[in-house]
Protein chains: 2
Amino acid sequence: MERMTRQRSAIESSVQQAGRPLLPQEVLQLAQQAVPGLSIATVYRQLKALVDEGALRAVQLAGDPPRYEPAAHGHHHHFQCTRCQRVFDMHGCPGNLAHLAPAGFVVEDHEVTLYGRCADCAPGPRTRAGRRRATA
Amino acid sequence: MERMTRQRSAIESSVQQAGRPLLPQEVLQLAQQAVPGLSIATVYRQLKALVDEGALRAVQLAGDPPRYEPAAHGHHHHFQCTRCQRVFDMHGCPGNLAHLAPAGFVVEDHEVTLYGRCADCAPGPRTRAGRRRATA
DNA sequence: TTGTATGCAAAGCGTTTGCAGTGAT
DNA sequence: ATCACTGCAAACGCTTTGCATACAA
């Protein structure tokens, strides 16, 4: 079975603690803080293994490379900031989408993604100079 | 400006007449019926140019490479068959999605994709043996 | 004639994989 | 002592790009 290596736990906990879906490169950078010599190949291998085991889920959107998040988060959708490109979780689900499909089509699943400005990048009166970026 | 070459018109009309978003490889195959020597590099170059000019739109979903459709189709969403992987247009739009975003987030756009079985690949009573695949 | 568009092949880029060495069990 | 895991580098698949030629204007 799977062995508990420093690499594996560093990769898994990076994703578990991130609070938003992470790119493989972001996982590498975070996990390298715990395991300096960590290679990108191991990140890819472990991310794939963790997805297969059901610990993580791949979030694929709009031509971007896949991001990874804890599978425990349950059904939800995502919001991508058009300025900083980061992806955030959204709670709630529009539901009742099956009627959009053409006649004779069977709907099994759905994906909803919103695009716009995250709280940090939003324009207008709420903008404060010097606001720090959300936890990476 | 853009020159009207055989390659360009073959590529554009392939996408215009397809009836569903096409992958670059599919565009190549269709356009090669009109221009046998057509190269994949030219397909990529022209697809990019046509998107920049506003004639086509790129449809990007779930880790797949981008597909291309006529920009004239207006706002709509897509359905991807989990069996044949083809992508189809859906008319209609759930609307009222902005409330899903976290407080302070500004929604500018949205993307909705349904997954399931297309009419050709649907299970159950409608299935007929020997049914031919829809026009590729 | 002029310069963009093309075809070919090489280069990129993110991801995957073969291999021999490392280290968890 | 095993044998899965790791790092490295080569291999991959898709897309882009450099370059000399072809051809639309």
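Residue numbering restarts at 1 for every chain, and letters A, B, ... go by the order of the sequence lines.
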Can you tell me how far C1' of D/dC14 sits from OH of B/Tyr68, to the nearest Å?
11 Å
Atom pair distance, as rounded to whole Å: CD in A/Glu53 and C1' in D/dC5
13 Å
Using 30° and 60° as the class limits, which term best fits the ring planes of B/Phe88 and A/Phe105: parallel, tilted or perpendicular?
perpendicular
Is B/Glu26 salt-bridged to B/Arg86, going by a charged N under 4.0 Å from an acidic O?
no
Take atom CG of A/Asp52 as the centre, draw a 6.0 Å sphere, and report whether it contains more than 12 heavy atoms from other residues, nucleotides or ligands.
yes
Compute the ring centroids of B/His75 and B/His73, then answer whether they are less than 6.0 Å apart.
no
Output one line per pair: protein atom, nucleotide atom from nucleotides 11-13 of chain C, and distance, for all N/O pairs under 3.5 Å.
none

Would you mind reading off the distance between A/Gln32 atom CD and D/dT6 atom C1', rounded to a whole angstrom?
13 Å
A/Val112 reachable from A/Leu100 in the ILVMFWY side-chain graph, under 4.5 Å edges:
yes
Are A/Leu47 and A/Val15 close enough that some pair of their side-chain heavy atoms sits under 4.5 Å apart?
yes
Identify the pairs formed between an N or O of the protein and an N or O of nucleotides 6-9 of chain C at a distance under 3.5 Å, and give each distance.
| residue | atom | partner | partner atom | Å |
| --- | --- | --- | --- | --- |
| C/dT6 | OP1 | B/Thr5 | OG1 | 2.9 |
| C/dT6 | OP1 | B/Gln46 | NE2 | 3.4 |
| C/dT6 | OP2 | B/Gln46 | NE2 | 2.9 |
| C/dT6 | O3' | B/Gln7 | NE2 | 2.9 |
| C/dG7 | OP1 | B/Gln7 | NE2 | 3.3 |
| C/dG7 | OP1 | B/Gly37 | O | 3.3 |
| C/dG7 | OP2 | B/Ser39 | N | 3.2 |
| C/dG7 | OP2 | B/Ser39 | OG | 3.2 |
| C/dG7 | OP2 | B/Thr42 | OG1 | 2.6 |
| C/dG7 | N7 | B/Arg45 | NH2 | 2.8 |
| C/dG7 | O6 | B/Arg45 | NH1 | 3.4 |
| C/dG7 | O6 | B/Arg45 | NH2 | 3.3 |

Rounded interatomic separation in angstrom, taking CG from A/Leu28 and P from D/dC8
11 Å
When rounded to whole Å, the CD to P distance for the pair B/Gln25 and D/dT16 reads 13 Å
I need the CZ-C1' distance between A/Arg3 and C/dG23, as an integer number of Å.
8 Å
For the atom pair CG (B/Leu114) and SG (B/Cys81), what is the distance rounded to the nearest 0.5 Å?
12.5 Å
Could you state the CG-P distance from B/Asp52 to C/dA5, rounded to the nearest angstrom?
12 Å
Are B/Val43 and B/Val59 connected in a single hydrophobic cluster, I mean Ile/Leu/Val/Met/Phe/Trp/Tyr linked by side-chain heavy atoms less than 4.5 Å apart?
no
